[in-house]
Undergrad: 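One structure, as structure tokens, below. Some questions next.
In what follows, every chain begins at residue 1, and chains take the letters A, B, ... in the order their sequences are listed.
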Amino acid sequence: MGKVDLRVGLGPLKLKNPILTMSGTFGFGQEYGRYYDLAILGGVIVKAMTAEPRLGNPPPRIAETPSGILNAIGLQNPGVDAAIAEELPLLQDLRRRGTVVIGNVSGYSFAEYTLVTDKLSQSGLVDAVELNISCPNVKGGGLAFGTHPDTVYKVVSAVREVCEVPLIVKLSPNVTDIAEIARRAVEAGADILSLINTITGLAIDAKTRRPILSNVTGGLSGPAVKPVALRMVHEVAQAVNTPILGIGGATTGIDAVEFLLAGASAVGVGTANLMDPLAAVKIVQGLEQFLLDQKIASAAELIGGLII
Amino acid sequence: MGKVDLRVGLGPLKLKNPILTMSGTFGFGQEYGRYYDLAILGGVIVKAMTAEPRLGNPPPRIAETPSGILNAIGLQNPGVDAAIAEELPLLQDLRRRGTVVIGNVSGYSFAEYTLVTDKLSQSGLVDAVELNISCPNVKGGGLAFGTHPDTVYKVVSAVREVCEVPLIVKLSPNVTDIAEIARRAVEAGADILSLINTITGLAIDAKTRRPILSNVTGGLSGPAVKPVALRMVHEVAQAVNTPILGIGGATTGIDAVEFLLAGASAVGVGTANLMDPLAAVKIVQGLEQFLLDQKIASAAELIGGLII
Amino acid sequence: MAKENIGKVLGAEIVDNKILVPYVYQLTIKVAKLASEIKPGQFIMIKVAPGLEPTLRRPFSLHRVDKETGTVQIIYQVVGKGTEILSRRKPGEEIEILGPLGNGFDLGEAERIGFVGGGMGIAPLLAVAEQAVQEGKEVVSFLGAKTGDYLLVKKEFARLGKIFIVTDDGSVGEKALVSKPLEKYLKHHDLDLLLACGPTPMLKALAAIVGAHGVKTQLSLEQRMGCGIGACLGCVVPIKADTPEGFVYKRVCSDGPVFWADEILFEVPKATEKQGGCSCG
Amino acid sequence: MAKENIGKVLGAEIVDNKILVPYVYQLTIKVAKLASEIKPGQFIMIKVAPGLEPTLRRPFSLHRVDKETGTVQIIYQVVGKGTEILSRRKPGEEIEILGPLGNGFDLGEAERIGFVGGGMGIAPLLAVAEQAVQEGKEVVSFLGAKTGDYLLVKKEFARLGKIFIVTDDGSVGEKALVSKPLEKYLKHHDLDLLLACGPTPMLKALAAIVGAHGVKTQLSLEQRMGCGIGACLGCVVPIKADTPEGFVYKRVCSDGPVFWADEILFEVPKATEKQGGCSCG
Ligand SMILES: Cc1cc2nc3c(=O)[nH]c(=O)nc-3n(C[C@H](O)[C@H](O)[C@H](O)COP(=O)(O)OP(=O)(O)OC[C@H]3O[C@@H](n4cnc5c(N)ncnc54)[C@H](O)[C@@H]3O)c2cc1C
Ligand SMILES: Cc1cc2nc3c(=O)[nH]c(=O)nc-3n(C[C@H](O)[C@H](O)[C@H](O)COP(=O)(O)OP(=O)(O)OC[C@H]3O[C@@H](n4cnc5c(N)ncnc54)[C@H](O)[C@@H]3O)c2cc1C
Ligand SMILES: Cc1cc2nc3c(=O)[nH]c(=O)nc-3n(C[C@H](O)[C@H](O)[C@H](O)COP(=O)(O)O)c2cc1C
Ligand SMILES: Cc1cc2nc3c(=O)[nH]c(=O)nc-3n(C[C@H](O)[C@H](O)[C@H](O)COP(=O)(O)O)c2cc1C
Ligand code: FES
Ligand code: FES
């Protein structure tokens, strides 16, 4: 292929290209690393980490829906200490080769979020922390942290204090006013916003009359949610000046272009990895091909380029 | 086919079967009436009516998305007076034959909602009114009526005063807490809740860099949204005792069963009509076949039957 | 225009699906009921694959019909997901059709009829041009495409009467837009009726020319569609009307796709853009 | 168990896709790379149709492999959308495969090996039973299905050694569950190893029996899958472990699908159910 410049800046992060693989769909990178050289990617966001090891939900954890999936993994992970000791070190070579590695932080309390962030931030093993605020606030009646502006402000503020690397706040789409949530996250110190996380959904087996997922509900992701993700990225880009990582249903280079046009500076690939282990590479290539075909010199030119 | 009982009660409405065609996808019934006898249906909800005739949005008004569509018709309709004079009379024979006919009321102000409802309620031409509160509140900063609990309470209360037929309130899914919205609608006097209306989305043409819809955003519907619709129906069914018309992405009899299990007393068919003009009939037949195959005597038995 | 036809849901068998030039295919389907009813200018909606994806059917205009063999032909260009899937369908396979739809062209009493086809818009005109010749009318055709290869049924048109050819690259005929030979022609000749099909900018240019020359003209329009049968109001175009706004939105699928050129508003008046202004259905 | 295999994305050609009994098909694909690597007990994930629908690939166990012709066979039952689409795919068509995946069976040093197959679970056992015979081991098989017609490769198994047959309707063999002849057999005979595949209730019943008799047993498990390569943690089953909860969730796709029967927890302890308890990924 010819010469197009795929580099973009995602706030303080310099990316070799705008494509990052998304938390929970990419493990700690090792599985996909056997399919291709991960250094092809702009970045990798690893599985959610919590203070303690977590078993996660009983199976079934995945249900298929039209052009999408529901998942309720339940944050199975070895805990932040084990991740720092065993998983993240394996990704350091990647960082030296210019692919950013980002830690996804989850929790069920303010204390858990700050503890995990602190450890990751101190570890020196990640380029940034992504705060997953879609988890239920156990002490706050079980509502997700990310669904109330004040809670968002509080949790981001708390985490900000301990976070010495760039802080990405990952927004939940299960809200009335995503722009308001975004504003509060930025006020509280988010360097970057990532959106969307999954939309809560339910799948039912008509014959057994039971939910397909053991957890009853799960998070909807994949191509089905792309129009909602694009809308929210666009809304947030209008509302704040903070750089955006656009996520939701991207499976092709053209999809990535759409996210950039809507106002994202980089694009996350989640469910597509499950649909095809080579998806992220194909998206990088597809984006490059689009730029070549359309005679666009750089990916950065597309950011926020939607004409209205 | 053998004998199964498809009749259900949707609050005060007696339906010959649980399948209703949804507002905006079925015109005033005449087009589909050339494909099949509309009396096969449990009910028909006609296109939104407003106080004055409305042009609607410029084209394009429809964009296709993975397993779904976005629409931004913009409420094109002849106005409630013309509808009462010319359209609704054509559906009266259907009512005599036991298929309910429901008027969908839209508006951009409290006054418009009450005016249109009043006229329809007085007309004697509809079995119920369905209040579409997904429209922007022009005097309230353009936010949709249906996205704030207090506004929902206010608009439903106002309409309730003039509505002498059963009142269905159609909920917008673009909210943080659908159960809370449902509770307020019920407090304000809703006899029936219908959900979901469309989820706001955006589709972009990567090459022209423009939104596909002239209105920029549109409402997402079709199979893609079914998991979200099922989740919300289930949540609302847990929160209130009011009967529910479950809507969103149903294309088969099995889908209808899933909505009933989740807690709906009847099921709306929207986008499926666009995908196949015979869809609603096939769904009625599919539901009947399911009951026969599973040896279930009546559709009503399924309502709320989800085992958790 | 001819009377609206509401169409039926029909199962068709693919007889042939062959590539003509890069990205352009000719699909022949056997579906007797459709063949016996469909008229030039009408269209069909094709469910390109079973199942939920793609969500909607795709609209295509009639190219040719053979009542004897019960076959119907369309010519289509691969431009996106739906047409790409269609191009991979094989002879012998079943495919679901909704049609015939829309109003079709109306030759009326016209004696001298002009045809203006641009690119893929040439294909839908052939059947009606042939009909015109059969009915003893005089036919003049103006065909344009990006290159000579894309002047799809040029030979067939040449058999029917005088033809004027242009291409974007000048590979065949004059290097010009198709409006140019038409405009020249109209300076010295009269036409009772003009029928045209092609990209919207071409139709817009034509509408101006025929307006100036007072030639009655029918244009076949395209719009993104939902139902295809007139129910969803998804496929509208602004058509002049005696209303406060000076126009109403009419449905391409059931009020069209063929409209009188002088009735079409090619630009929506700015002031009316907010008469919808919501994404709520 | 054999070593985990991470699989490749491979294009395969459909050689044959024939119905065996109602709803049950045998698919033969030509894909030399897969044929040369795949081992009994491993599985492949098939993209049943190009495009976005269905979203995910479908997992199927190896039935037979022919390294010489480079072909691989699976036997599958049409139970839903994906298998329905697969059943309509035709010879000559291309289909995308991910595989080989998972660990496969491990015969080890065992001399007398029992095979227990229920329904569709019979098919994945044939290749390993054949391998056992080739390696000079003694094979005893216990096969069960709803009716005689569904005892798919009964004859092939009969050629390999002694077989015990049961059906749900008694149409062939005893009217019983397949655990019954096994239990009887174990009263008087020893087995060094048992390999089993079939519905979960059958596997659960087996696990109890072999536990009581101390027979080392490998069970092939199924679970709804996402990635198929070990990354998403979608396909887990509870496996006993030295943790506070007494178990961990292991991945069927990459830690399995074959597990030692005595390591599997068939019921998740109630108290641990809320160790996830959220739908947030
Ligand atoms: C009445 C009518 C007759 C037509 N006749 C022909 C014909 O004879 N030959 C031919 O090649 N094309 C014809 N078209 C255009 C053809 O329908 C589109 O090219 C086709 O739908 C594109 O589908 P896609 O999935 O490949 O493209 P995509 O861009 O993937 O389609 C996405 C959506 O946009 C719609 N869409 C995209 N382009 C158009 C368009 N130009 N017009 C209307 N809808 C569009 C599709 O139907 C679909 O719903 C006609 C259109 C109309 C309205
Ligand atoms: C390791 C493994 C090996 C298998 N081998 C075979 C085989 O050799 N022959 C055979 O007929 N079947 C086999 N199955 C089951 C087979 O994968 C499912 O029957 C199939 O995926 C159903 O797809 P569907 O689209 O027709 O059903 P749907 O119910 O429409 O599928 C919806 C979703 O649920 C999943 N799903 C549904 N049933 C099962 C199931 N029993 N196990 C796992 N996922 C399921 C699908 O993969 C899909 O993601 C195997 C499953 C696993 C996990
Ligand atoms: C199986 C699965 C597991 C996920 N786990 C996490 C997680 O641990 N943390 C998180 O922030 N998001 C998680 N997500 C959400 C994704 O990172 C992403 O935001 C979402 O899936 C939307 O993008 P997509 O449509 O490209 O998948 C998960 C998604 C899936 C499908
Ligand atoms: C083209 C179109 C027009 C619609 N118009 C209206 C409308 O006028 N009033 C309304 O309340 N809902 C309207 N809706 C929403 C539907 O009635 C329905 O709630 C929604 O589409 C979800 O159901 P579905 O997935 O079955 O389509 C419209 C939907 C579509 C697709
Ligand atoms: S496509 Fe629905 S009205 Fe024309
Ligand atoms: S399917 Fe993803 S880990 Fe097994």
Side-chain angles (χ1 to χ4, degrees), chain A residues 63 65-70 143-144 147-148 172-178 181 199-211 216-218 220 222-235 249 251 253-262 290 293-294 302 305-308, chain B residues 63 65-70 143-144 147-148 172-178 181 199-211 216-218 220 222-235 249 251 253-262 290 293-294 302 305-308:
Chain A
T65 68
S67 296
I69 63 170
L70 288 177
L143 282 172
T147 54
H148 283 85
S172 163
N174 300 302
V175 298
T176 306
D177 188 352
I178 192 82
I181 302 273
I199 308 178
T200 311
L202 171 64
I204 295 173
D205 182 325
K207 288 190 189 162
T208 64
R209 302 193 186 186
R210 292 178 190 277
V216 184
T217 58
L220 183 66
V225 309
K226 194 184 74 170
V228 180
L230 285 172
R231 187 262 297 183
M232 289 192 166
V233 165
H234 178 61
E235 267 184 33
T251 63
I254 306 279
D255 292 338
V257 172
E258 294 168 16
F259 274 100
L260 297 174
L261 291 171
F290 179 89
D293 292 348
Q294 302 289 313
L302 294 171
L306 187 69
I307 306 167
I308 287 188
Chain B
T65 67
S67 297
I69 64 171
L70 289 177
L143 282 173
T147 54
H148 284 85
S172 163
N174 300 301
V175 299
T176 306
D177 189 353
I178 192 82
I181 302 272
I199 308 178
T200 310
L202 170 64
I204 296 174
D205 182 327
K207 288 191 189 160
T208 65
R209 302 193 185 187
R210 291 178 192 276
V216 184
T217 58
L220 183 66
V225 309
K226 195 186 75 171
V228 181
L230 285 173
R231 185 261 296 181
M232 290 192 166
V233 166
H234 177 62
E235 267 184 31
T251 64
I254 305 280
D255 292 338
V257 172
E258 292 168 16
F259 274 101
L260 297 175
L261 290 172
F290 179 88
D293 291 350
Q294 301 290 313
L302 295 171
L306 186 68
I307 305 168
I308 288 187

Undergrad: Nearest 0.5 Å please: distance from the CE atom of B/M232 over to the CD1 atom of B/I199.
TA: 6.5 Å

Undergrad: Using the side-chain contact (heavy atoms from CB on, under 4.5 Å) criterion, which residues pair with A/V233? Sequence neighbours excluded.
TA: A/L195, A/I244, A/F259, A/A262, A/A264

Undergrad: Are any non-hydrogen side-chain atoms of A/L220 and B/V228 less than 4.5 angstrom apart?
TA: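 Yes - at least one pair of side-chain heavy atoms lies under 4.5 Å apart.
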
Undergrad: Please give me the minimum heavy-atom distance between B/I178 and B/P173, naming the atom from each residue.
TA: CD1-CA, 4.5 Å

Undergrad: With only heavy atoms counted, which part of B/E258 is less than 4.5 Å from chain A, the side chain, the backbone, both or neither?
TA: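 For B/E258, backbone and side chain are both near chain A.
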
Undergrad: Has the side chain of B/S67 got a donor or acceptor atom that lies under 3.5 Å from a matching backbone atom of B/P223?
TA: no

Undergrad: Below 4.5 Å, heavy-atom pairs only: which of A/I204, A/L230, A/T176 has the largest tally toward chain B?
TA: A/T176

Undergrad: Can you tell which of A/A203, A/A144, A/P211, A/A63 has the highest number of heavy-atom pairs within less than 4.5 Å of chain B?
TA: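 Ranked by heavy-atom pairs under 4.5 Å with chain B, first place is A/P211.
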
Undergrad: So for A/V216, is it side chain, backbone, both, or neither that comes closer than 4.5 Å to the heavy atoms of chain B?
TA: side chain

Undergrad: Chain B: which of A/I307, A/L302, A/L143, A/I254 shares the most heavy-atom pairs with it under 4.5 Å?
TA: A/I307

Undergrad: If I measure from the heavy atoms of chain B, does A/T208 come under 4.5 Å with its side chain, its backbone, both, or neither?
TA: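 It is the backbone, since no side chain atom gets that close.
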
Undergrad: Between A/G222, A/A206, A/A229, which residue shows the highest count of heavy-atom pairs closer than 4.5 Å to chain B?
TA: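 Of A/G222, A/A206, A/A229, A/A206 has the most heavy-atom pairs under 4.5 Å with chain B.
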
Undergrad: With only heavy atoms counted, which part of A/V257 is less than 4.5 Å from chain B, the side chain, the backbone, both or neither?
TA: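 Side chain of A/V257 only, per the 4.5 Å heavy-atom cut-off to chain B.
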
Undergrad: Show the nearest heavy-atom pair for residues B/A224 and A/A224, with the distance to one decimal.
TA: CB-CB, 3.7 Å

Undergrad: Could you tell me which of B/G201, B/G249, B/P227 has the largest number of non-hydrogen atom pairs under 4.5 Å with chain A?
TA: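 Highest number of pairs under 4.5 Å: B/P227.
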
Undergrad: Sequence neighbours left out, what passes side-chain contact (heavy atoms from CB on, under 4.5 Å) with A/S172? Give chain and number order.
TA: A/S134, A/T147, A/N174

Undergrad: Hey, mind stepping through B/K226 and B/D255 against side chain to side chain contact (heavy atoms under 4.5 Å, CB included) and telling me if it holds?
TA: CA-CA 8 Å; B/K226 195 186 75 171; B/D255 292 338; 2.8 Å; yes

Undergrad: Looking only at heavy atoms and a cut-off of under 4.5 Å, which of B/T65, B/L202, B/L70, B/D293 has the most pairs with chain A?
TA: B/L202

Undergrad: Counting only non-hydrogen atoms closer than 4.5 Å, does A/T200 touch chain B with its backbone (N, CA, C, O), its side chain (CB onward), both, or neither?
TA: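 Contact with chain B: backbone and side chain both.
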
Undergrad: Side chain, backbone, both or neither: which part of A/L306 has an atom under 4.5 Å from a heavy atom of chain B?
TA: both

Undergrad: Say you draw a straight line from CZ of B/R210 to CD1 of A/I308; how long is it, rounded to the nearest 0.5 Å?
TA: 10.0 Å

Undergrad: Which one of B/H148, B/K207, B/H234 has the most heavy-atom pairs closer than 4.5 Å to chain A?
TA: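 Heavy-atom pair counts peak at B/K207.
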
